[in-house]
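Structure, as structure tokens:
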Amino acid sequence: MTTVFVLNGPNLNLLGRREPQIYGSTTLADIEKLVREKAETLGTAVTFRQSNHEGHLVDWIHEAGAQGAGIVINAGAYTHTSIALRDAISGSGAPTVEIHLSNVHAREGFRHRSLIAPVSVGVICGFGSMSYLLGLEAVHRVMAERGRQAKPSQH
Ligand code: CA2
């Protein structure tokens, strides 16, 4: 069974409680529930975590890599600033999908740049909590495809 780490960065613990006009009224606990339901249909195990501390996120990316897991990450504002997260993702070897609730490209200029996008398989943004489900499905498919390619031919 594949495992996917769903990692959440700073302030995402406030979801549903502040700024609902930008981020909606869904809480992170609601999103975790949706992600776990989707993971069950895909047959994937999920490790779901949130931290406001960059180093925790770095440690969890290493943990995912060591387990051969995939990563879906909403790195929050660290997306736009963190060389440490970028280095952790590229060093971990874990297939990673960057996601965002909001369409960061329709917002302030400083949110248009991502330091982690170049080391991610792809980026999904603007779909609210659905971004998490799309990210989970994307990383699951990438891992399944890589698993198929890694297996020697049966013929
Ligand atoms: O759209 C996203 O998912 C973001 O990653 C959310 C981050 C933001 O810095 C990124 O540019 C885009 C913000 C995290 C959520 O912050 C909240 C602050 C107050 C109330 C609720 C959430």
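Small disclaimer: the values here were computed from a predicted structure and weren't measured. Ligands are counted one by one from 1 in listed order, and the atoms in each one are counted from 1 as well.
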Review point. Between Arg17 and ligand 1, which residue portion shows a heavy-atom distance shorter than 4.0 Å: side chain, backbone, both, or neither?
Key: neither
Practice item. Give a yes-or-no answer on whether the side chains of Thr3 and Gln67 include a donor-acceptor pair shorter than 3.5 Å. Key: no
Review point. Got Ile71 and Val139 here, is their nearest side-chain heavy-atom distance under 4.5 Å?
Key: no
Point to revise | Ligand-side contact atoms (ligand 1) for residue partner Leu12, heavy atom cut-off under 4.0 Å | key: 14 (C), 15 (C)
Check your understanding: Which is it for Arg111 and ligand 1 at heavy atoms under 4.0 Å: side chain, backbone, both or neither?
Key -> side chain
Check your understanding: Any nitrogen or oxygen of His80, main chain or side chain, under 3.5 Å from a nitrogen or oxygen of ligand 1?
Key -> yes
**Study point:** N-O pairing of Glu37 and Lys33 below 4.0 Å
**Key:** yes
Review point. Would one find an N or O of Arg107, backbone or side chain, under 3.5 Å from an N or O of ligand 1?
Key: no
Point to revise | Other residues, nucleotides, ligands: >12 heavy atoms within 6.0 Å of Ile83 CD1 | key: no
Review point. At a non-hydrogen distance cut-off of under 4.0 Å, which region of Val104 contacts ligand 1 (side chain, backbone, both, or neither)?
Key: side chain
Review point. Salt bridge or not for Arg49 and Glu32, using N-O below 4.0 Å?
Key: no
Point to revise | Proximity to ligand 1 by part of Ala75, non-hydrogen separation under 4.0 Å | key: neither
Review point. What is the closest protein heavy atom to atom 19 (C) of ligand 1, and at what distance does it sit?
Key: Glu19 OE2, 3.5 Å
Review point. What protein heavy atom is closest to atom 1 (O) of ligand 1, reported as residue, atom name and distance in Å?
Key: Ser102 OG, 2.5 Å
Study note, to complete from the structure: Which of Ser120, Ser131, Ser114 passes side chain to side chain donor-acceptor pair (under 3.5 Å) with Glu98? It is Ser114
Check your understanding: What is the ring orientation for His100 with His80, classed by angle as parallel under 30°, tilted 30 to 60°, or perpendicular over 60°?
Key -> parallel
Check your understanding: For atom 4 (C) of ligand 1, which protein heavy atom lies nearest, and how many Å away is it?
Key -> His100 ND1, 3.6 Å
Review point. Hey, is Leu101 touching ligand 1 through its side chain, its backbone, both or neither, going by heavy atoms under 4.0 Å?
Key: both
Check your understanding: Should we count CD of Glu145 as having more than 12 external heavy atoms under 6.0 Å?
Key -> yes
Review point. Purely on distance, is any nitrogen or oxygen of Asn74 under 3.5 Å from one on ligand 1?
Key: yes
